[in-house]
Student: 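One structure is given below, represented as structure tokens, and several questions about it will come after.
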Amino acid sequence: MNLALLHIGIDDTDSKEGMCTTYVGAVAIDSLKSQGVKLEGYPKLIRLNPNWKLKTRGNCAIVFTTKVQKHQIPVVKETVLRTVEELAELHIKTTNPGVVFYEGERIPIKLRKFSKKVVQDITTIDEAESLAGEIGAEVHKFKLGRGIIGALAAIGNTLEHDWTFELIAYRKPENRGTPRKVDTASVVKMNTKTFPNTFGNLDPFTGEIRITPHTPCPILYGIRGEDAKTTLAAHKLVKSLEPIERFVVYMTNQGTDEHLRQAKVAEVKPYWSVIVGGEVSSAPKIILGGHVIFSMRDKTGKIDCAAYEPTRQFRDVAKKLIIGDKVVAYGGVKEKPELPLTINLEKLSILKLVPVLRKVNPTCPRCGKRMKSEGKGKGYSCKRCKIKVPASAAKLVEMRREIEVGAFEVPPRARRHLAKPLVRVAYPRREY
Ligand code: ATP
């Protein structure tokens, strides 16, 4: 049989008012399956640069691979393009869908590199289009067709080093835009039974459920986990109080830190997400809105770090840093007019805390009571025993710091989709 692998990338189909590219993918996949088309592997949900200014919400694109006979290819393409045309929010100015088809067993190195760039940096429609031409990928642009960037990047992301899964359940059209009806207690139970093989689905500090979005999109809930089997088991434990139209298990780069790159301060650029090591160089201050800002430096320069208000208790760690503490900052880089570049903290490792020493008055060598100061540099005396000692008799005592060396992260409510939760570091994914 003349079988071919056809990779299909889709992006930029939604707007803030509705729709979701993962749903467009789900409908296209179901439609293809109903025509007897087989998928190779899991469909993938690829998160792109989280700092990209033109994203609608979570900057995601999707890709799936069909294993088809050559003669089926035109029908597959036609089904996908029709689905995008029917479902995409084409009437919204900022929605500019793109679909890319790429046929082949191997993903070219150039395409992988492009994919990494779209997750970690910024590119253009022209760059995507010329790469597609070079590697023989077929692009379909709707309106401006900006979505070909994400669609191509999704095809290029082979998820070889780290990956997670998300099972996404979708609402019936008549319920979209209304409050989501999911039994909270069942989500808590699901979390208790499946954590840490599922993660980020419940905020441990507030008990808040994190599986249901708050946007008018078709998603009812998404359950994040280490493997497909666990997300399916978790899905069975969650009680939905409204009908589920369909669901898809996506393999994804969520929770992998794929967006981060190691950098020296002087190398840091706006729109990047970085891992920068250095020492705290200015004391944390709390600014209007409850955001905590401090600066750190390495041998190449100085940069601000921010723990914004939505990061809640994470700010308490940042607040207690002092000048000289050795830290590693993880986060996206923001550029604001007239302000220095700022790392929007996602995680913070404290490597070393500088000791805080406090001068303590000496005790009386006779009665053992704390002696009184006679004034600056004039020594100490015990009034009762009439004993005097010089200023050098004072002791320097190391104070207990209110924070400890270790790794800290923002709570799930403020977490970027790509950020690797610390629980994934503590309990790495096991192979099944
Ligand atoms: P959602 O997550 O709700 O599906 P979104 O946040 O993914 O939406 P899109 O509507 O897809 O946002 O818009 C993002 C657009 O920016 C897409 O057209 C995508 O191709 C493009 N894009 C994404 N990342 C980059 C990047 N790093 N450089 C240039 N363009 C990008």
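Ligands are counted one by one from 1 in listed order, and the atoms in each one are counted from 1 as well.
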Student: Determine, for Glu404 against Lys320, whether the closest basic-nitrogen to carboxylate-oxygen distance falls under 4.0 angstrom.
Tutor: no

Student: Can you pull out the closest protein heavy atom to atom 12 (O) of ligand 1? Residue, atom name and distance to 0.1 Å, please.
Tutor: Thr56 N, 2.8 Å

Student: What are the atoms of ligand 1, with element, lying closer than 4.0 Å to any heavy atom of Arg57?
Tutor: 3 (O), 5 (P), 6 (O), 8 (O)

Student: Does an N or O anywhere in Ile148 fall below 3.5 Å from an N or O of ligand 1?
Tutor: no

Student: Between Lys269 and Glu267, does at least one N-O distance fall below 4.0 Å, as a salt bridge requires?
Tutor: no

Student: Which of the numbered atoms in ligand 1 are under 4.0 angstrom from any heavy atom belonging to Val118?
Tutor: 24 (N), 25 (C), 26 (C), 27 (N)

Student: Step through it carefully: locate the ring centre of Phe64, locate the ring centre of Tyr42, and say whether they are under 6.0 Å apart.
Tutor: no

Student: Is there a polar contact between ligand 1 and Asn96, counting only N or O atoms under 3.5 Å apart?
Tutor: no

Student: In plain terms, say whether Lys77 and Glu138 are close enough for a salt bridge, that is, a side-chain N and a carboxylate O under 4.0 Å apart.
Tutor: yes

Student: Judging by distance only, is a nitrogen or oxygen of Gly58 under 3.5 angstrom from one on ligand 1?
Tutor: yes

Student: So is Cys20 touching ligand 1 or not, going by heavy atoms under 4.0 Å?
Tutor: no

Student: Note the single closest protein heavy atom to atom 19 (C) of ligand 1, along with its residue, its atom name and the distance in Å.
Tutor: Asp11 OD2, 3.1 Å

Student: Is the shortest distance from a Lys or Arg side-chain nitrogen in Arg424 or Glu226 to a carboxylate oxygen in the other one below 4.0 Å?
Tutor: yes

Student: Is it possible for you to check whether Lys334 lies under 6.0 Å from the centre of the six-membered ring of Tyr308, through NZ or CZ, and within 45° of that ring's axis?
Tutor: yes

Student: Parallel, tilted or perpendicular, judged at 30° and 60°: which one describes the rings of Phe101 and His140?
Tutor: perpendicular

Student: Counting both backbone and side chain atoms, is some N or O of Asp12 under 3.5 Å from an N or O of ligand 1?
Tutor: yes

Student: Among protein heavy atoms, which lies nearest atom 13 (O) of ligand 1, and at what distance?
Tutor: Leu54 O, 3.6 Å

Student: Quick check: does Arg146 get an N/O under 3.5 Å from an N/O on ligand 1?
Tutor: yes

Student: If you measure from atom 26 (C) of ligand 1 to every heavy atom of Asp14, Asn59, Asp121, which option wins on shortest distance?
Tutor: Asp121

Student: Could you tell me, atom by atom, which parts of ligand 1 come under 4.0 Å of a heavy atom of Asn49?
Tutor: 27 (N)

Student: Specify the protein heavy atom at minimum distance from atom 7 (O) of ligand 1: its residue, its atom name, and the distance to 0.1 Å.
Tutor: Cys60 N, 2.7 Å

Student: Of all the atoms in ligand 1, which lie at a distance below 4.0 Å from a heavy atom belonging to Lys55?
Tutor: 6 (O), 12 (O), 13 (O), 14 (C)

Student: Does this structure show an ion pair linking Asp30 with Arg246, if we count only N-O contacts that are shorter than 4.0 Å?
Tutor: yes

Student: To check you understand the geometry: which heavy-atom pair defines the closest contact between Trp272 and Gln120, and what is its length?
Tutor: CD1-O, 3.6 Å

Student: Under a 4.0 Å N-O cut-off, is there an ion pair linking Asp121 with Lys116?
Tutor: no

Student: Ignoring angles and geometry beyond distance, decide whether Leu48 reaches within less than 3.5 Å of ligand 1 through its nitrogen or oxygen atoms.
Tutor: no

Student: Less than 3.5 Å apart, any donor N or O on the side chain of Thr13 or Thr21 sitting next to an acceptor on the other?
Tutor: yes

Student: Please could you name the atoms of ligand 1 that Ile122 approaches to less than 4.0 Å, counting only its heavy atoms?
Tutor: 27 (N), 28 (N)

Student: Answer yes or no: does an N/O atom from Thr124 fall short of 3.5 Å to an N/O atom of ligand 1?
Tutor: no

Student: Checking a contact table here: which protein heavy atom is nearest atom 29 (C) of ligand 1, and how many Å away?
Tutor: Thr123 O, 3.2 Å

Student: Nearest 0.5 Å, what's the CD-OG1 distance between Gln254 and Thr164?
Tutor: 5.5 Å

Student: Got the closest protein heavy atom to atom 25 (C) of ligand 1, with its distance?
Tutor: Trp52 CD1, 3.5 Å

Student: Closer than 4.0 Å to some heavy atom of Ile149 - which atoms of ligand 1 meet that?
Tutor: 20 (O), 29 (C), 30 (N), 31 (C)

Student: Run the salt bridge (Lys or Arg N to Asp or Glu O under 4.0 Å) test on Glu245 and Arg171 for me, step by step, so that the C-alpha distance in whole Å, both residues' side-chain angles and the decisive distance to 0.1 Å come before the verdict.
Tutor: CA-CA 5 Å; Glu245 186 199 75; Arg171 318 181 75 187; over 6 Å; no

